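Starting from 1, each residue takes its place in the sequence as its number. Hydrogens, waters and symmetry mates are skipped; everything else that's a heavy atom, side chains included, is used. Just so it is clear, the model here is predicted, and its values are computed rather than measured.
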Amino acid sequence: MADIVEVTADGETTAKFLQSYIQSGSMNFLIGSGASFPAIPTAGNIEQEINALLTGGDEEGASRRCLAFIEQIDSIHAQIAVADEANPIHGVAQNYKSFLATIDRILFARKNILLPRQATVFTTNYDMFLEHASSLVPSVILNDGFERSSSLSPEFSFTPERYFDRTYRSGPVYGHQIEIPTINLVKLHGSLSWRRKADSIVFDPSPVPKLTEDQRAVIGKVNGYLQKHFLILPNFRKFHETLMERVYYDLLRLFSKAMDKENAVLIAFGFSFADEHILDLTRRALRNPTTQLIIISFDHASASGYATKFSKQRNVSVLSPTAGVLIDFKRFNDLLASILPGMTDGI
């Protein structure tokens, strides 16, 4: 059964707990819509809402609900780089920046050459906060799976094999090699920056033109807008073509393989595990006795719900705040950063 671990005010016990896994494990994170709150409302029951429309035969209503969902995220994307400090978007972007910078510092502190200086961030979020945050931290190498080798083509193709690359630098005199910290970004449900081109996916951060009011009234235009985005939409009818299905299952396989590694640790934040595919894959992966799942509960009341979802798994810990206290993104970053001073030379 999952353990519920209470996070104290000073966080000292929690820091030691996290350090014990991060010191010796393959480091992975699972980031959900809660991390982008309050800039973007959490996904909530969006999948159930859309599925209810589909099962009731209202496909047009389902498409229009998807449209509203995507337009909301798209409108935030346009403001990420220009939001002022009073805007919640700015605060969320800074939280993502601190998150990536802290992972980079943890990886850089690793001295043990048997452990890769590499971490993987899995996310179901469509937004581009992580990509934007990486541009604010010069030391971070973010591998998003797109091939950016020298080419005359302005388009970058999605190449999942890139996630297995490790980056090294060698000294000019003795030729010694040092691994450079790398953070893999795996967007399990696609991204606003993904576009379809023939039988491949290309990177294109420019927004899809918004629909006019007249266009919004035509369901064909609505469906066309949705299909221009390469996104796994939140409903049981997730796929409308073979390419999307193939890419989705390739990404889920990457998630499974990461969890199957010896001493793998997955730290979940802002993720409810309402996605049945990911919940099932995670439960299966936890059959590996060396794998550990650590769930950060936003509030005290949610902790028991997580424990219920993983009631049959022993290698799950839910970090819960005390009643009346929250673990928001800033607090989560503080907990991660708190393990740095205590790291030993063995990491």
Side-chain angles (χ1 to χ4, degrees), residues 1-7 14 16-35 47 103 106-107 110 112 114-116 118-125 145 160-161 163-164 166 183-189 232 234 236 238-239 245-298 302-320 332 336 339 347:
M1 181 177 177
D3 293 324
I4 297 179
V5 180
E6 191 170 276
V7 178
T14 306
K16 291 179 180 178
F17 173 82
L18 290 172
Q19 185 180 359
S20 66
Y21 289 103
I22 289 175
Q23 277 184 340
S24 58
S26 172
M27 191 162 47
N28 304 278
F29 296 86
L30 179 58
I31 303 298
S33 60
E47 185 160 359
I103 297 174
I106 291 172
L107 292 172
R110 283 186 162 174
N112 187 340
L114 298 178
L115 290 173
Q118 190 174 81
T120 300
V121 177
F122 296 96
T123 181
T124 53
N125 296 347
E161 309 91 80
Y163 289 124
F164 300 98
R166 293 168 69 175
I183 301 174
N184 295 315
L185 173 60
V186 182
K187 306 194 85 168
L188 296 168
H189 285 176
I232 311 299
F236 62 70
K238 290 181 185 287
F239 316 112
E245 184 174 9
R246 174 170 58 80
V247 171
Y248 180 56
Y249 283 113
D250 280 346
L251 295 174
L252 290 183
R253 273 194 291 271
L254 286 174
F255 179 74
S256 293
K257 287 180 179 178
M259 293 285 282
D260 282 339
K261 290 181 181 178
E262 188 174 2
N263 295 326
V265 59
L266 178 69
I267 301 175
F269 174 75
F271 195 81
S272 66
F273 285 96
D275 186 303
E276 291 295 330
H277 284 97
I278 295 177
L279 175 61
D280 184 54
L281 283 175
T282 305
R283 285 171 172 165
R284 290 185 193 179
L286 289 169
R287 294 174 185 171
N288 175 359
T290 70
T291 294
Q292 179 70 25
L293 171 61
I294 300 173
I295 302 172
I296 311 299
S297 180
F298 178 68
S302 301
S304 58
Y306 285 120
T308 300
K309 283 182 185 289
F310 294 97
S311 60
K312 296 181 180 179
Q313 286 74 32
R314 299 186 214 177
N315 42 348
V316 177
S317 297
V318 182
L319 300 189
S320 168
F332 172 53
L336 280 180
I339 74 174
I347 197 169

Stepwise side chain to side chain contact (heavy atoms under 4.5 Å, CB included) test for I294 and V5:
CA-CA 10 Å; I294 300 173; V5 180; over 6 Å; no
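Closest approach of N28 and A264 over heavy atoms only: ND2-CB, 4.3 Å. In plain terms, the two heavy atoms of G32 and F271 that are nearest each other are CA-CD1, 3.7 Å. Closest approach of Y163 and Q118 over heavy atoms only: O-OE1, 4.0 Å. Summarising the geometry of F310 relative to T282, their closest heavy-atom pair is CE2-CG2, 4.0 Å, with the distance given to 0.1 Å. For the pair S24 and S20, the tightest heavy-atom approach, listed with the atom from each and the gap, is OG-O, 3.3 Å. Across all non-hydrogen atoms, the minimal contact from S297 to S320 is CB-CA, 4.3 Å.
Separating the CD1 atom in I103 from the CD1 atom in I183 is a distance of 4.5 Å, to the nearest 0.5 Å. To the nearest 0.5 Å, the span separating OG1 on T123 from CD1 on I31 amounts to 6.5 Å. With rounding to the nearest 0.5 angstrom, the CD atom of Q292 is 10.0 Å from the CD1 atom of I267. For the atom pair CD of Q23 and NZ of K16, the computed distance is 12.0 Å after rounding to the nearest 0.5 Å. Within the model, atoms CG of L252 and CG of D275 stand 8.0 Å from one another, a figure rounded to the nearest 0.5 Å.
In this structure a side-chain-to-backbone donor-acceptor pair under 3.5 Å is missing from R314 to P289. Not one N or O on the side chain of T14 forms a donor-acceptor pair closer than 3.5 Å with the backbone of V7. The closest donor-acceptor contact from the side chain of T124 to the backbone of L188 lies at 3.5 Å or more, if one exists at all. Between the side chain of N125 and the backbone N or O of S33, at least one donor-acceptor pair lies under 3.5 Å. Under a 3.5 Å cut-off, the side chain of Y21 and the backbone N or O of S26 do not form any donor-acceptor pair.
Residues forming a salt bridge (charged side-chain N to carboxylate O under 4.0 Å, His left out) with R253 (at least two apart in sequence, or on another chain): D250. Residues satisfying the salt bridge (charged side-chain N to carboxylate O under 4.0 Å, His left out) test with D280, not counting sequence neighbours, are R284.
Residue Y306 is tested with V318, I296, V316, I4 for a side-chain contact (heavy atoms from CB on, under 4.5 Å); the sole match is V318.
The list of side-chain hydrogen bond (donor to acceptor under 3.5 Å, both in side chains) pairs with a residue in residues 256-270, not counting sequence neighbours, is empty.
Residues L336 and F269 are not in side-chain contact: their nearest non-hydrogen atoms beyond the backbone lie 4.5 Å or more apart. Residues M27 and I106 form a side-chain contact, since some pair of their non-hydrogen atoms from C-beta on lies under 4.5 Å apart. Contact of the L251 side chain with the V247 side chain is registered, since non-hydrogen atoms from C-beta on lie closer than 4.5 Å. A heavy-atom distance below 4.5 Å is not found between the side chains of I295 and K309. Residues M259 and L266 meet the side-chain proximity criterion, which asks for heavy atoms closer than 4.5 Å. Contact check for L254 versus F164: side-chain heavy atoms found under the 4.5 Å cut-off.
For R166, the CZ atom is densely surrounded, since the number of other residues' heavy atoms within 6.0 Å is greater than 12.
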